[in-house]
Amino acid sequence: FVGANGKMEMEKVPQAGYPIVGLNVAGLQRRITWKNLLFPFKLLMSIRKAKKIIRKFQPSLVIGVGGYASGPVLKVAAKMKIPTIIQEQNSFPGLTNRLLANHVDRICVAYSGMEKYFPKDKIFLTGNPIRQDVINTMATPQQAREAFSLAPDKKTILVTGGSLGARSINLGVFNALKMLEEYDIQLIWQTGKHYESQARAAISRVGHGRGVWTGAFISRMDLAYAAADLVVSRAGAIAISEIQAVSKPAILVPSPNVAEDHQTKNAQALVNYNAAVLMEDQQAPQNLGQEMIRAVIDDKLLDKLNENVAALAKIDAADTIAGVVVDMINI
């Protein structure tokens with residue numbers, strides 16, 4: 001593994017038991033800033049280090065997943081005639097992958113229509129790898145709700161905003177607690193660590209605690225998905241792939257704080273198939289509660305979203321990508 005120093009992979013990969021080498025590479029800022037003056041120097045140093053890494057490791061194949069380190073490593077590998085693959089997770093590719101597309105051998109994508117950005121003859125529609133425990137649960141919706149100390153037969157909404165939490169989504173839920181109680185709708189609310197105490201205080205004020213599970217983190221996402229009639233989530237690539245794999249109706253609230261607004265494009269790719277509901281981040285604080293209730297009590301809407309999102313799922317993405325890799329190595 002090769003990563004960018006200071007980024008999450010430098011912690012997560014060693015925690016999983018694998019060595020990783022770091023490059024001092026950073027992205028080009030999309031605004032005027034002195035940091036962009038350092039970009040060419042960091043890129044040149046990273047390319048030099050990437051050459052040393054590849055010469056020492058002598059890989060049979062190199063895969064890039066679009067992070068900052070992918071650019072230098074894939075560029076060097078392609079120039080050295082080592083087989084290369086891009087794994088593009090989003091419906092709108094990042095700048096690194098768009099620049100590398102003509103130099104790599106194959107491109108694994110999660111969405112159809114990617115020939116708009118990549119050479120058609122290089123594209124393999126594989127989907128995104130997801131955690132297998134998410135789709136392997138044997139729990140019924142009733143058992144899953146009971147695992148969160150909720151009533152087994154009431155409508156239940158899962159709200160998740162990532163490990164840090166999503167401010168707009170959490171504000172939308174704060175403002176909806178009373179309405180959820182009035183409609184007798186249960187809530188599994190993953191707040192993120194920045195909002196947990198505020199969420200508990202809000203629940204206490206409203207007195208809706210018996211119908212709400214709340215926490216900064218959910219350790220059993222398989223049970224959370226199984227319990228839910230409706231999911232409210234950001235529109236990151238892996239989150240969407242999981243929602244597709246578990247065939248759950250969803251309201252997607254794209255984060256505005258991502259490169260090139262790619263989460264909105266991810267969400268729109270589902271909306272185009274009537275497979276999800278899209279709500280803009282700025283609308284969520286005031287309108288999310290009403291939209292959640294409207295959707296979760298409309299069984300016809302839930303059934304239609306369920307059917308359409310299931311049709312987009314690719315639950316064997318990891319195996320499919322591995323197959324592409326093995327085929328290339330065996331050529």
Side-chain angles (χ1 to χ4, degrees), residues 134-135 137-161 165-166 168-191 195 199-200 202-215 218-235 239-240 242-253 267 270-271 274-279 283-310 313:
V134 166
I135 57 177
T137 184
M138 300 299 292
T140 65
Q142 292 77 19
Q143 291 169 335
R145 290 168 193 148
E146 288 176 340
F148 289 92
S149 300
L150 299 175
D153 295 313
K154 291 183 179 181
K155 286 287 183 76
T156 303
I157 299 173
L158 167 63
V159 177
T160 175
S168 62
I169 292 176
N170 283 327
L171 285 174
V173 177
F174 289 152
N175 294 331
L177 286 173
K178 196 66 179 176
M179 282 191 293
L180 291 169
E181 183 182 29
E182 290 170 358
Y183 279 86
D184 203 19
I185 295 168
Q186 299 183 134
L187 187 65
I188 299 173
W189 186 9
Q190 185 262 317
T191 63
Y195 299 94
R200 293 190 186 282
I203 291 167
S204 178
R205 286 196 302 272
V206 173
H208 189 30
R210 287 178 299 174
V212 180
W213 180 95
T214 187
I218 298 175
S219 59
R220 291 291 304 272
M221 279 301 295
D222 58 326
L223 294 178
Y225 281 128
D229 296 288
L230 176 73
V231 176
V232 178
S233 173
R234 287 301 200 194
I240 286 182
E242 289 187 348
I243 288 167
Q244 291 173 334
V246 297
S247 304
K248 289 295 176 177
I251 298 173
L252 301 174
V253 186
L270 268 67
V271 172
N274 195 21
V277 175
L278 170 62
M279 173 163 286
Q283 295 178 346
Q286 294 303 318
N287 299 333
L288 181 58
Q290 291 179 339
E291 188 64 28
M292 288 193 303
I293 291 169
R294 181 191 74 84
V296 82
I297 64 176
D298 187 342
D299 289 333
K300 288 184 178 180
L301 174 63
L302 293 181
D303 289 344
K304 179 56 68 176
L305 292 174
N306 179 290
E307 178 184 344
N308 292 341
V309 78

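The first residue in the sequence is number 1, and the count goes up from there. Atoms considered below: every heavy atom in the structure, side chains included; atoms not considered: hydrogens, waters and symmetry mates. These numbers come from a predicted model, not from an experiment.
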Next on the checklist: According to side chain to side chain donor-acceptor pair (under 3.5 Å), who are the partners of Thr156, at least two apart in sequence or on a separate chain?
Outcome noted: Arg145, Gln186
Item to check | side-chain contact (heavy atoms from CB on, under 4.5 Å) involving Ala176 - partner list, sequence neighbours excluded | outcome: Met179, Leu180, Met292
Next on the checklist: Please enumerate all residues that pass side-chain contact (heavy atoms from CB on, under 4.5 Å) together with Asp303, with sequence neighbours excluded.
Outcome noted: none
Checklist entry - Under the side chain to side chain donor-acceptor pair (under 3.5 Å) test, which residues partner Thr137, sequence neighbours left out? => result none
Checklist outcome for this item: Value for CD1 (Ile297) from CG (Asp229), rounded to nearest 0.5 Å, stands at 12.0 Å
Checklist entry - Can you tell if the side chain of Ile243 reaches within under 4.5 Å of the side chain of Leu252, non-hydrogen atoms only? => result yes
Checklist outcome for this item: Distance col, row Ile185:CD1 vs Leu177:CG, nearest 0.5 angstrom, shows 12.0 Å
Item to check | Partners passing side chain to side chain donor-acceptor pair (under 3.5 Å) against Asp222 (at least two apart in sequence or in another chain) | outcome: Arg220
Checklist entry - Excluding sequence neighbours, so at least two apart, what forms side chain to side chain donor-acceptor pair (under 3.5 Å) with Lys304? => result none
Checklist outcome for this item: The single option from Ile240, Leu278, Asn308, Leu305 that satisfies side-chain contact (heavy atoms from CB on, under 4.5 Å) with Leu270 is Ile240
Item to check | Arg234 side-chain N/O to Ala239 backbone N/O, donor-acceptor pair under 3.5 Å | outcome: no
Checklist entry - Does Asp299 have any salt bridge (charged side-chain N to carboxylate O under 4.0 Å, His left out) partners at least two apart in sequence or in another chain, and if so, which? => result Lys155
Next on the checklist: To the closest 0.5 Å, what do you measure between CD (Gln290) and CD (Gln283)?
Outcome noted: 11.5 Å
Checklist entry - Which atom names give the shortest non-hydrogen contact between Ala295 and Leu230, and what distance separates them? => result CB-CD2, 4.0 Å
Checklist outcome for this item: So the salt bridge (Lys or Arg N to Asp or Glu O under 4.0 Å) pairs with at least one residue in residues 284-296 (sequence neighbours excluded) are Glu291-Arg294
Checklist entry - How long is the gap from CG on Leu187 to CG on Leu150, to the nearest 0.5 Å? => result 8.5 Å
Checklist entry - Is there side-chain contact between Tyr183 and Val296, with at least one heavy-atom pair below 4.5 Å? => result no
Checklist entry - Val173 versus Tyr195: any side-chain heavy-atom pair under 4.5 Å? => result no
Item to check | Partners passing side-chain contact (heavy atoms from CB on, under 4.5 Å) against Ile218 (at least two apart in sequence or in another chain) | outcome: Phe148, Leu158, Ile188, Gln190, Trp213, Met221, Ala224
Checklist outcome for this item: By side-chain contact (heavy atoms from CB on, under 4.5 Å), Gln286 pairs with (sequence neighbours left out) Asn175
Item to check | For Ala139 against Leu223, the heavy-atom pair lying closest together | outcome: CB-CD2, 3.5 Å
Next on the checklist: Restricting to non-hydrogen atoms, name the atom on Val253 and the atom on Ser168 that form the minimum distance, rounded to 0.1 Å.
Outcome noted: CG1-OG, 4.2 Å
Checklist entry - Considering all heavy atoms of both residues, which atom of Gln142 and which atom of Asp153 are nearest to each other, and what is their separation? => result CG-OD1, 3.4 Å
Checklist entry - Looking only at atom types and distance, does a side-chain atom of Lys154 sit under 3.5 Å from a main-chain N or O of Asp184, one as donor and one as acceptor? => result no
Item to check | Ala227 to Ala144 - nearest heavy-atom pair and separation | outcome: N-CB, 3.6 Å
Checklist entry - Mind checking whether Ile135 and Tyr225 have side chains closer than 4.5 Å, heavy atoms only? => result no
